[in-house]
Amino acid sequence: MIDICRKVNKDGPANIAKVCEELDIPMMYFSTDYVFNGQGEEPWDPDCKDYEPLSVYGQTKLEGELAVADNVDKHFIVRIAWV
């Protein structure tokens, strides 16, 4: 199961990010607040790096965020909640 999640949430976005970088196209990646542990008492700062995913989903979405940031300079990561 984790292999499928990783292919969808990390490997796919990494491949898209590489193409975006090659073509000089900005990329937007939709992630989740599940990259955090959910125990915060205040909203997270947009550049917060206090990651602590509690599930395979959160971990692979975090891996996707990092893959996008590593592969394309022009990127936006949008974290949504309550999908």
Side-chain angles (χ1 to χ4, degrees):
M1 169 104 150
I2 192 167
D3 292 333
I4 294 169
C5 290
R6 186 163 283 123
K7 286 179 182 180
V8 170
N9 292 328
K10 176 192 171 249
D11 297 343
N15 291 329
I16 294 168
K18 290 174 188 175
V19 171
C20 287
E21 180 67 17
E22 183 179 316
L23 299 175
D24 195 32
I25 298 170
M27 178 176 176
M28 182 177 292
Y29 179 67
F30 288 93
S31 188
T32 177
D33 61 340
Y34 281 40
V35 301
F36 302 112
N37 66 14
Q39 301 302 309
E41 296 181 14
E42 297 178 12
W44 283 281
D45 183 63
D47 295 322
C48 179
K49 304 248 188 273
D50 295 334
Y51 309 120
E52 193 178 341
L54 301 176
S55 66
V56 168
Y57 174 70
Q59 178 62 41
T60 58
K61 290 298 282 185
L62 174 58
E63 291 171 10
E65 287 187 16
L66 298 174
V68 167
D70 287 345
N71 286 291
V72 62
D73 289 331
K74 297 177 184 177
H75 67 274
F76 304 91
I77 296 173
V78 179
R79 293 187 184 121
I80 56 177
W82 295 93
V83 179

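Note that the numbering runs from 1 along the sequence shown for the chain.
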Donor-acceptor contacts under 3.5 Å from residues 8-20 side chains, at least two apart:
from: N9; atom 1: ND2; to: T60; atom 2: OG1; distance (Å): 3.0
from: N15; atom 1: ND2; to: D11; atom 2: O; distance (Å): 3.3

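The cluster map of Ile, Leu, Val, Met, Phe, Trp and Tyr, joined by side-chain heavy atoms under 4.5 Å apart, puts L66 and V35 in the same cluster. No single ILVMFWY cluster, assembled from side-chain heavy atoms under 4.5 Å apart, contains both Y29 and I80. Following chains of ILVMFWY side-chain contacts shorter than 4.5 Å, one can reach F76 starting from F30, so the two form part of one hydrophobic cluster.
Partners of F36 according to the side chain to side chain contact (heavy atoms under 4.5 Å, CB included) rule, which considers only residues two or more places apart in sequence or in another chain, are W44, C48, Y51, R79.
Using a 4.5 Å cut-off on side-chain heavy atoms (C-beta onward), E21 and D73 make contact.
For the atom pair M27 CE and I77 CD1, the distance stands at 8.5 Å (nearest 0.5 Å). Separating the OG1 atom in T32 from the CD atom in E65 is a distance of 9.0 Å, to the nearest 0.5 Å.
Applying the 6.0 Å contact sphere to CG of L23 captures more than 12 heavy atoms from other residues, nucleotides or ligands.
Considering all non-hydrogen atoms of both residues, I25 and V72 come closest at O-CG2, 4.0 Å.
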